[in-house]
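See structure below.
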Amino acid sequence: MITTLVIGGASLIVIGLVVGFLLFSRRKSGGSKSGSALASSLSNEKMKSDIILNTIVDGVMLLDDEQAIQLFNPAAGTITGWEPKEAIGLDYKAVLQLIDDKGIQLDALSDPISKSFSQKITVHDRSTYLQTRSKSILSMDISISPLLDDKGEPRGVVVVFRDISEERKQEAQRADFISTASHEMRTPVAAIEGYLALALNEKVSRVDEKARSFLEKAHESTKHLGELFQDLLTSAKAEDGRLTNHPAVVEMSEFLETLTDGLKFSAQKKGLGVEFVLGSQDSIIDASSTNVVKPLYYVHVDPERVSEVITNIFDNAVKYTESGKVTVGLTGDENVVQVRVADTGPGIPTSDVSHLFQKFYRVDNSATRTIGGTGLGLFICRKIIEMYSGRIWVESEIGKGSTFFINIPRVTREQAEQLKRNESVQLPHISAPGSSI
Ligand code: ADP
């Protein structure tokens, strides 16, 4: 019996259909004699699955454990340029030629299908391209779910993909407008902020007390506006995949400890404690000696981007916590590395938790009414983490505090070494002027 991992929305329905299809095919070939009623009900189910798989606009492929195509619906044919009957039985790489934004074929480490196979995880990716049979290049949205048997061994994967080239074009136009508008507005706002700061500087200007209080308010609001434009610019780029991203192998325990060390001052200034916890208690002690063994948690991410995410969450923990402490923790298993940032703040109401990572969402309470913010920080964090096929979420209890979790796919030591070797033979990246944000 084959079971599936959990993934959301339409893909889940498709996987259900594919599993239905599989079960039918197996029972049929197994010559089950469980009666004509069952046979006809299964046949009905198969007919329904066929109808949906044949009419659906998403491409659907089922690969067996040797990565050969076992099911290939008509939409997959339209997108790739391969007839279903030609594609069946072929290795998926012959049909689904996935390339990166420079036109280079994806290697096993960056190919989302290989990743799903090797790590037995569901992967959702919007950063790859497909070179069709006629050599056109299409932008892809691709979801891969492993099919695991009772022992948790992969028996194949279901791949659901669609062409998002048109969507991408529109996103780029929209983001272009937001980028230009926020860039244009940021410049005069920065000038206003600078002049207000000068007006408030006793060494340069003299203002009476009443005017000072008005200017302080204007200065605060202008600062907020400046942050808003910056966040808008970043979120527009995050949405259409134009966020600069230079992944490298990062060993998270050292990285996180250094980052926490740099961040702790803002918390201490507010009288909050800061704690860094590495691994679970039993995983860090080497039984044969008194040495503390630090596990190595490798990930393949842009360290600047991940640092932005952790800084944002840490800053929020400090911003919304009145007393107590902020704990930064790191743990993981063979597949994921997990970072957590816990605070002893007011907590977040359950009804707000599911909206928290949406654009402009702020919890409406007395704290957020007095504490400044744009409601874009967590949205940007989610976009960055999703760029690495990771997940970010929060668990919270009113009056006790909140813990934000970030899961990032872990790379093995061998993969990390291979990636490092690849990095060292590549030329250093030179970013185009003004391309980084
Ligand atoms: P903001 O700029 O408003 O802080 P974010 O996207 O970073 O925007 O956060 C969204 C909202 O989530 C915040 O307005 C706040 O209501 C809530 N929030 C985030 N982090 C915490 C936290 N550690 N404790 C309590 N509430 C939080």
Side-chain angles (χ1 to χ4, degrees), residues 178 182 186 189 193 220-239 243 256 259-260 263-277 304-330 338-387 390-407 437:
I178 296 176
S182 19
R186 211 169 45 158
V189 166
E193 196 190 325
E220 269 311 301
S221 300
T222 320
K223 252 169 67 184
H224 175 65
L225 205 58
E227 280 165 21
L228 180 63
F229 287 142
Q230 180 59 52
D231 282 356
L232 265 178
L233 203 62
T234 315
S235 64
K237 296 204 173 192
E239 261 182 302
L243 215 51
L256 197 61
L259 185 63
T260 310
L263 291 171
K264 69 177 180 218
F265 300 104
S266 63
Q268 287 168 347
K269 225 164 99 185
K270 212 177 158 185
L272 301 173
V274 176
E275 217 173 64
F276 178 72
V277 184
E304 275 189 40
R305 290 282 166 231
V306 170
S307 153
E308 254 172 55
V309 172
I310 295 162
T311 304
N312 200 312
I313 289 173
F314 187 94
D315 285 349
N316 275 353
V318 172
K319 193 160 82 167
Y320 296 105
T321 303
E322 278 314 310
S323 61
K325 64 176 179 183
V326 179
T327 308
V328 178
L330 179 68
Q338 183 175 86
V339 177
R340 64 182 186 283
V341 178
D343 63 53
T344 50
I348 299 161
T350 315
S351 55
D352 290 297
V353 163
S354 58
H355 303 287
L356 221 57
F357 296 90
Q358 290 166 2
K359 235 190 300 185
F360 296 115
Y361 196 85
R362 302 198 74 209
V363 178
D364 186 19
N365 59 23
S366 55
T368 43
R369 263 176 250 131
T370 50
I371 300 170
T374 61
L376 282 168
L378 291 179
F379 170 74
I380 294 170
C381 290
R382 174 168 69 86
K383 285 289 175 186
I384 293 175
I385 295 302
E386 283 176 355
M387 191 157 77
R391 193 161 89 82
I392 179 167
W393 76 101
V394 64
E395 288 172 12
S396 187
E397 204 177 324
I398 293 295
K400 294 220 164 133
S402 313
T403 304
F404 284 80
F405 294 92
I406 299 166
N407 276 7
I437 45 172

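All ligand and atom numbering here is 1-based and tracks the order in the structure.
Below 4.0 Å from some heavy atom of A317 lie the following atoms of ligand 1, by number and element: 23 (N). The contact set between ligand 1 and S402, taken as ligand atoms under 4.0 Å from a residue heavy atom, comprises 24 (N). Close approach to K319 involves these atoms of ligand 1, each under 4.0 Å from a residue heavy atom: 1 (P), 2 (O), 4 (O). The atoms of ligand 1 that sit less than 4.0 Å from any heavy atom of G373 are 1 (P), 2 (O), 3 (O). The atoms of ligand 1 that sit less than 4.0 Å from any heavy atom of Y361 are 10 (C), 11 (C). For ligand 1, the atoms closer than 4.0 angstrom to any heavy atom of N312 are 7 (O). Each of the atoms 12 (O) of ligand 1 lies under 4.0 Å from some heavy atom of L356.
Among pairs with a residue in residues 398-407, those fulfilling salt bridge (Lys or Arg N to Asp or Glu O under 4.0 Å) read E397-K400, at least two apart in sequence or across chains.
Heavy-atom separations between G375 and ligand 1 include at least one value shorter than 4.0 Å. Residue contacts with ligand 1: F404 is included, with a non-hydrogen atom under 4.0 Å away.
In terms of N/O distances under 3.5 Å, ligand 1 is not approached by P346. Annotation: L378 places an N or O atom under 3.5 Å from an N or O atom of ligand 1; distance criterion only.
Heavy atoms only, all atoms of each residue included: S402 and G347 are closest at OG-CA, 3.6 Å. The two residues F404 and L356 make their nearest non-hydrogen contact at CZ-CD2, 4.0 Å. Nearest heavy-atom pair, I384 versus R305, reported as atom, atom and distance to 0.1 Å: CG2-CB, 3.7 Å.
Rounded to the nearest 0.5 Å, atoms CG (N312) and CG (L376) are 10.0 Å apart.
Within the 3.5 Å criterion, the main-chain N or O of S323 finds a donor-acceptor partner in the side chain of T344. In this structure a side-chain-to-backbone donor-acceptor pair under 3.5 Å is missing from K383 to A236.
R382 pairs by the salt bridge (Lys or Arg N to Asp or Glu O under 4.0 Å) definition with E386, not counting sequence neighbours.
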(request) Apply side chain to side chain contact (heavy atoms under 4.5 Å, CB included) to D231 and S235, showing your working. (result) CA-CA 6 Å; D231 282 356; S235 64; 5.8 Å; no

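Contacts with ligand 1 closer than 4.0 Å are made by heavy atoms of both the backbone and the side chain of V363.
Checking D315, D352, D343 against atom 22 (C) of ligand 1, the nearest heavy atom belongs to D343.
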